[in-house]
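A short write-up of the structure that comes next.
Below, chain A is the first sequence line, B the second, and so on; all start at residue 1.
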Amino acid sequence: MKQYEHHAIEEKRQAIWERDDLFRVTEIKGKKKYYLLEMFPYPSGKIHMGHVRNYSIGDVIARYKKMRGYNVLHPMGWDAFGMPAENAAMERGIHPAKWTYDNIDYMKKQLKRLGFSYDWAREIATCDVEYYKWEQWFFLKMFEKGLVYRKSAPVNYCVHCQTVLANEQVVDGNCWRCNQGVIQKELTQWFFAITKYADELYEYCDKLTGWPERVLNMQKNWIGKSYGVEVDFRLENSGILTIFTTRPDTLYGVTFMALAPEHPLAITLAEGTVYEKKVKAFVEKAKMQDRSFRAELKGNKEGIFTGRYAINPLNRHKIPIYIGNFVLMEYGTGAIMSVPAHDQRDFEFAKAYGLPIIITIMPKDRTLNPDTLEEAYEGDGYLVNSGEFNGLNNREAIGKIIDYLEAKGLGRRKINFRLRDWGISRQRYWGAPIPIIYCDDCGIVPVPYEDLPVVLPLDLEVKVVGRSPLLDCEEFIKVKCPKCGGPAKRETDTMDTFVESSWYFLKYTCPNYKEGPLDKDRVDYWMPVDQYIGGVEHAVLHLLYSRFFNRVLNELGFVDVREPFKNLLTQGMVIKDGAKMSKSKGNVVDPDYLIEKYGADTTRLCCLFAAPPEKDLDWSDKGVEGCYRFLQRIWRLATEKLHDIKHLESTYTLVDHGEDCRLLTIKLHKTIKKVTEDIERFHLNTAIASIMELVNAVYKFQEKPRTNEKELGLLKGSIEVILKLLFPFVPHITEELWEILGNDMALLRDRWIDYYEEYTIEDKVTIAVQVNGKLRDTFEIERDEPEDSVKEKACNLEKVKKHTEGKSIKKVIVIPNKLVNIVCG
RNA sequence: GCCGAAGUGGCGGAAUUGGUAGACGCGCUAGAUUCAGGAUCUAGUAGGCAUUACGCCUGUGUGGGUUCGAGUCCCGUCUUCGGCACCA
């Protein structure tokens, strides 16, 4: 008997798939479609186990859905612009383009060796000018619509990467890519107006029922919607100071105001007072501190009195105005009212600066004393010291006070978001050029559509660390102003690579379309993505940007759906020895090594069996051995009795030919049912486990010497069922064995196997018998035996009697075909 | 601090609606086969007490509760992980 030779088999099957162009997919009107998408990789060199896991999960679903009769779009491409290409260029003297395309070649080979069913005819590389020119086109459209704008603002800047980062790309004050410190820098940058969609992006979270709660929570958290009111405080002399608060119920307890150092009034207020000099110095100092530094100050807030006062609109109290380094200019109005009695942060500031504390909310169960208060009371209660609102429950008071303010013209309802606009300028070379020209006379001039693409010159050398060679490329920079024809300069910043990944899923539907950015018919045939699979690390990055971008393209008329991803599965990380795989920790498992030693099928199987997809997978070398053993077991099972069964007709329904045939038939149908249901709900590990159980049962069945053709036909049928069920997981070995058994390949690939409900029901069932909830015995009955006789049988069991002896039976609970519980005492 | 997820054998993990906890795999133990190793096959494997047989007790982080019955539902609590964090 031939051994299981994974190398030969996998090469052979892959060659056949390629020859027959098996994964090619076209739009077939009237056929139900299924768009399965896995997050495309950055071509960093080699694929890692995280990719293998992600794409193995995807391939199971893709192949399964195809077998269920769907027209399945399953594409793959490359997120090909980005920093590492420049770093590699610097380190090794290779051009970023060459480095990138070499990596793509290598990684594509790896993905093919793993046998994933991608339609490679739809492959996209985002650094391809045919791709990014349409991105530039979208940029221009967005510019026209006012969704792109340029402003000078304090931005996150990674000194190491020498570029600006979006808020989403700063993780714990560090750069998401190099993990080094991020500073604040005032720069003029391009922004996408994602905040225009903040409310919709937030509210639609509740409609994304196919997304994990976790991701939706993270997005909601990030967008940060809060309901409140803007209140106008008249300044003592003249002018108005507007603040935002979510707690108007504490308005009577305001004892000071605080402005952000960047607030326009910060310096002007103090002018002419004795505090002027000190205030100026304070503001200067605070402006120097970057965001992360200020965040660390927490319990150590600093502020300074401006010498001016505002008037509380409700009780006319004179309120001193401070400048506080803890007040954020970007949120609300950059100014706050402070209520030390009911806000811990205000409380600490008041204590430090000797400011009064006024209680306005009294809890029901105790009395607060402002002189002995040790921390702010942030709970609920009834209003005191609050004029006509005294006695009201504070939650009710919120609405009443807002109504009052609005009626008197002192304030208005307001919703604020924490989300900021998306800064997309990157001072880098390896990215899509921003299609903008600066003219001394005409100002900012968008590149005319007919002049697109703005091609990234490839004949440049990355010489100096962190300096984009575009800055030194005269041919690129020097340009005639499209408006006046005079001398002008090109924008040298490129776009954030997250812009590319915000619409690649649309381009997959029509990658070769040339007449415009997207072919709407094909986009609408495939969209939305039915199932998206990827890592949770993109929860507030790519997944938020894409939702924004898809909305913009929806409004531009390129796609009918508003939300791009209907269902989302976030797979867990692959870890080893308790840590994420990384070179520095030396716990990396190389997919190439696994494919070489055990084969693609084993590698895939192992990723799918060791843990459910959404959980972290703890890699175990022993686990691979186990999976390899399992496949060898399948191989032996199918080939050992080959001569006895090959010529026979197979069956998987043999219920009237002896007990063990009947039992095996039932096992077969139960397993088909279980595997089908498990794949549908992504319990891939338990799907595999139940196939393993079936394999064990078939082994037992074939151990007995058999000559009867019906029985051998059932053996053959059982093996075929196993191959069918396993095909989406391990396509190579199953196809090979299918062929060895002499079958038509289409029968394996083209249709999933159906089970018969009547064969999933066993006619004998085991009843568990409990006494007072404790299991005492089990016994077998015919399915659906009358309750009374089951009850009687249960009560008369020896082991049961032992526990009921001398006690009175109070109640007997019967759960049909399952359990009897005898309650006695 | 706020939001969220998760705690089950030596390990990875099972247990759709409350109904026999520990499926499947790894590891381990014993036996068969083998010159030996490996591979394969068979049996066993939650812990404890018994081992004369049948057993008996305890067990899903922890303390309560609901229920005939709780890993599953409710309340409290501890731990771990993830996200946000001076957001007014």
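Within 4.0 Å of A/Gly626, counting heavy atoms only, lie sugar-phosphate atoms of the nucleic acid but no base atom.
Residues A/Thr804 and A/Ile822 have side chains in contact (heavy-atom distance under 4.5 Å, counting atoms from C-beta outward). Between A/Phe417 and A/Asp199, the closest side-chain pair of non-hydrogen atoms falls below 4.5 Å. The side-chain heavy atoms of A/Leu241 and A/Ile321, taken from C-beta on, include a pair separated by under 4.5 Å. Residues A/Met329 and A/Pro264 meet the side-chain proximity criterion, which asks for heavy atoms closer than 4.5 Å.
When the side-chain nitrogen and oxygen atoms of A/Asn217 are compared with OP1 and OP2 of B/A5, none of them lie within a distance under 4.0 Å. One finds no side-chain N or O of A/Thr766 lying less than 4.0 angstrom from the OP1 or OP2 phosphate oxygen of B/U20. Listed pair A/Arg418 / B/C3 fails the phosphate criterion, with no side-chain N or O lying under 4.0 Å from OP1 or OP2. At the phosphate of B/A15, OP1 or OP2 sits under 4.0 Å from a side-chain N or O atom of A/His683.
The neighbour count for A/Gln344 CD, taken as heavy atoms of other residues, nucleotides or ligands under 6.0 Å away, is above 12.
To the nearest angstrom, P of B/C86 lies 24 Å from NZ of A/Lys351. We find that CD of A/Glu640 is positioned 13 Å from C1' of B/A39, with the value rounded to whole Å. Rounded to an integer number of Å, the gap from A/Tyr227 OH to B/A88 C1' is 18 Å. For the pair A/Glu348 CD and B/A88 C1', the computed distance is 14 Å after rounding to whole Å. The distance from atom CZ of A/Arg214 to atom C1' of B/C2 is 18 Å, rounded to the nearest whole Å. Whole-Å rounding puts the A/Gln571 CD to B/G82 P distance at 17 Å. Taking atom CE on A/Met337 and atom P on B/C87, their separation rounds to 14 Å, with Å as the unit. For the pair A/Glu213 CD and B/G4 P, the computed distance is 9 Å after rounding to whole Å.
For A/Lys799, the side-chain atoms get nearest to B/C54 when compared with the rest of B/C54, B/A15, B/G25. Comparing B/U58, B/C24, B/G27 by their nearest atom to the side chain of A/Lys774 picks out B/U58. Side-chain atoms of A/Arg636 lie closest to B/C41 of the nucleotides B/A88, B/C41, B/C24.
Along RNA chain B, the nucleotide nearest to A/Ile688 and the one nearest to A/Lys615 differ in position, and the one closer to the 5' end is contacted by A/Lys615. RNA chain B is contacted by both A/Glu677 and A/Arg345; A/Glu677 maps to the nucleotide lying nearer its 5′ end (nearest heavy atom per residue).
For the P atom pair drawn from B/C3 and B/U77, the interatomic distance equals 13 Å after rounding to whole Å. Distance noted for atom P between B/A23 and B/U45: 10 Å (whole Å). B/C73 and B/U66 are spaced 8 Å apart, taking the C1' atom of each and rounding to whole Å. Of the C1' atoms belonging to B/G13 and B/C24, the separation is 9 Å, rounded to the nearest Å. Atom P of B/G48 sits at a distance of 14 Å from the matching atom of B/G9, rounded to the whole Å. Nucleotides B/U67 and B/U72 are separated by 13 Å at their C1' atoms, to the nearest Å. Here the separation of B/G7 from B/A14, taken at their C1' atoms, is 16 Å to the nearest Å. Here, B/U8 and B/U52 have their C1' atoms 35 Å apart, quoted to the whole Å.
Summarising the geometry of A/Ile359 relative to A/Leu373, their closest heavy-atom pair is CD1-CD2, 4.0 Å, with the distance given to 0.1 Å. Nearest heavy atoms, A/Asp249 versus A/Thr360: O-OG1, 4.2 Å.
Of all the residues in residues 602-612 of chain A, A/Phe609, A/Ala610, A/Pro612 reach under 4.0 Å from RNA chain B with at least one non-hydrogen atom.
Remark: A/Arg706 is positioned above the aromatic ring of A/Phe701, its terminal NZ or CZ atom under 6.0 angstrom from the ring centre and at most 45 degrees off the axis. Relative to the six-membered ring of A/Tyr202, A/Lys220 meets both conditions, a distance below 6.0 Å and an angle of at most 45° to the axis.
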At a cut-off of 3.5 Å, list every protein nitrogen or oxygen paired with a nitrogen or oxygen from nucleotides 64-69 of chain B, distance to 0.1 Å.
from, atom 1, to, atom 2, distance (Å)
B/C68, O2', A/Asn821, ND2, 3.2
B/C68, O2, A/Asn821, ND2, 2.6

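Note on ring orientation: taking the six-membered ring where Trp is involved, the planes of A/Phe498 and A/Trp176 are tilted (angle from 30° to 60°). Between A/Phe256 and A/Phe349, the ring planes lie parallel to each other; the angle is under 30°, not in the 30° to 60° tilted range. Ring geometry for A/His542 versus A/His538: interplanar angle over 60°, hence perpendicular rather than tilted (30 to 60°).
Among A/Ile691, A/Thr686, A/Val721, A/Leu684, the single residue meeting the side chain to side chain contact (heavy atoms under 4.5 Å, CB included) criterion with A/Val675 is A/Ile691.
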**Request:** With pairs defined as Watson-Crick or G-U wobble and both distances under 3.5 angstrom, please note down RNA chain B as a dot-bracket string, | for pairing with another strand.
**Result:** (((((((..(((......[....)))((((((.......))))))((((.....))))..(((((..]....))))))))))))....

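An anti orientation is assigned to B/G44, its glycosidic angle lying beyond 90° of 0.
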